[in-house]
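Positions are given from 1, in the same order as the sequence printed here.
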Amino acid sequence: QVQLVESGGGLVQAGGSLRLSCAASGSIFGAWVMGWHRQAPGKQRELVASITRLGTTNYADSVKGRFTISKDNAKTAVYLQVNSLKPEDTAAYYCRYYSSREYWGQGTQVTVSS
């Protein structure tokens with residue numbers, strides 16, 4: 001079992017920034033991929049960004065240049081620096097861990113006011 005603890009969401013004005021954090025604990029071995037997905041009301045959950053244990057990153061086109069994902073292998077933690085926020089970034093952001101199976105965090109709300 002793997003447990004994920006997220007933090008860092010909040011209410012910000014358009015153009016503002018936040019830093020989301022996700023720490024994994026439990027049965028963590030070998031290679032993994034961690035990332036952030038988001039889900040806005042009435043929409044499907046979508047990938048925002050992901051990073052492998054070795055550092056390979058992947059971003060949704062809508063966030064490239066504004067969001068940066070990083071990691072701390074020692075803590076099995078990932079961070080999402082979100083800059084130049086737009087109202088359309090408003091969503092619940094979920095951390096995902098994948099190795100032999102996937103685990104999800106409880107979600108953290110990001111609300112961007114115009």
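C22 is listed as a side-chain neighbour of W36, based on a closest heavy-atom distance under 4.5 Å. Using a 4.5 Å heavy-atom cutoff, the side chains of V48 and L80 are in contact. Annotation: side chain of V82 is not in contact with side chain of V63 (no heavy-atom distance under 4.5 Å). Contact annotation: the side chain of S50 never approaches that of M34 to less than 4.5 Å [non-hydrogen atoms, C-beta and beyond].
Counting only residues at least two apart or on different chains, no salt bridge (Lys or Arg N to Asp or Glu O under 4.0 Å) pair has a member in residues 7-17. Among residues at least two apart or in separate chains, salt bridge (Lys or Arg N to Asp or Glu O under 4.0 Å) pairs with a member in residues 46-59 are R38-E46. The stretch residues 102-112 participates, sequence neighbours left out, in these salt bridge (Lys or Arg N to Asp or Glu O under 4.0 Å) pairs: R96-E102. Residue pairs meeting the side chain to side chain donor-acceptor pair (under 3.5 Å) criterion with at least one partner in residues 18-35, sequence neighbours excluded, are absent. Note on residues 22-33: no pairs pass salt bridge (Lys or Arg N to Asp or Glu O under 4.0 Å), not counting sequence neighbours. Evaluation of the ring pair (Phe, Tyr, Trp, His ring centres under 6.0 Å) test over residues 40-82, restricted to residues two or more places apart or in two chains, returns none.
Under the 30°/60° scheme for interplanar angles, the aromatic rings of W104 and H37 are found to stand perpendicular.
Take S84 and apply the side chain to side chain contact (heavy atoms under 4.5 Å, CB included) test, not counting sequence neighbours, and it matches R66. Residues forming a salt bridge (Lys or Arg N to Asp or Glu O under 4.0 Å) with K64 (at least two apart in sequence, or on another chain): D61. Remark: T57 pairs with no residue by the side-chain hydrogen bond (donor to acceptor under 3.5 Å, both in side chains) rule, at least two apart or across chains. In this view, E88 satisfies the salt bridge (Lys or Arg N to Asp or Glu O under 4.0 Å) rule with no residue, not counting sequence neighbours. N58 pairs by the side-chain hydrogen bond (donor to acceptor under 3.5 Å, both in side chains) definition with nothing, not counting sequence neighbours.
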What donor-acceptor contacts under 3.5 angstrom involve side-chain atoms of residues 3-16, with partners at least two apart or in another chain?
| residue | atom | partner | partner atom | Å |
| --- | --- | --- | --- | --- |
| E6 | OE1 | Q106 | N | 3.1 |
| E6 | OE1 | G107 | N | 2.4 |
| E6 | OE2 | C95 | N | 2.5 |

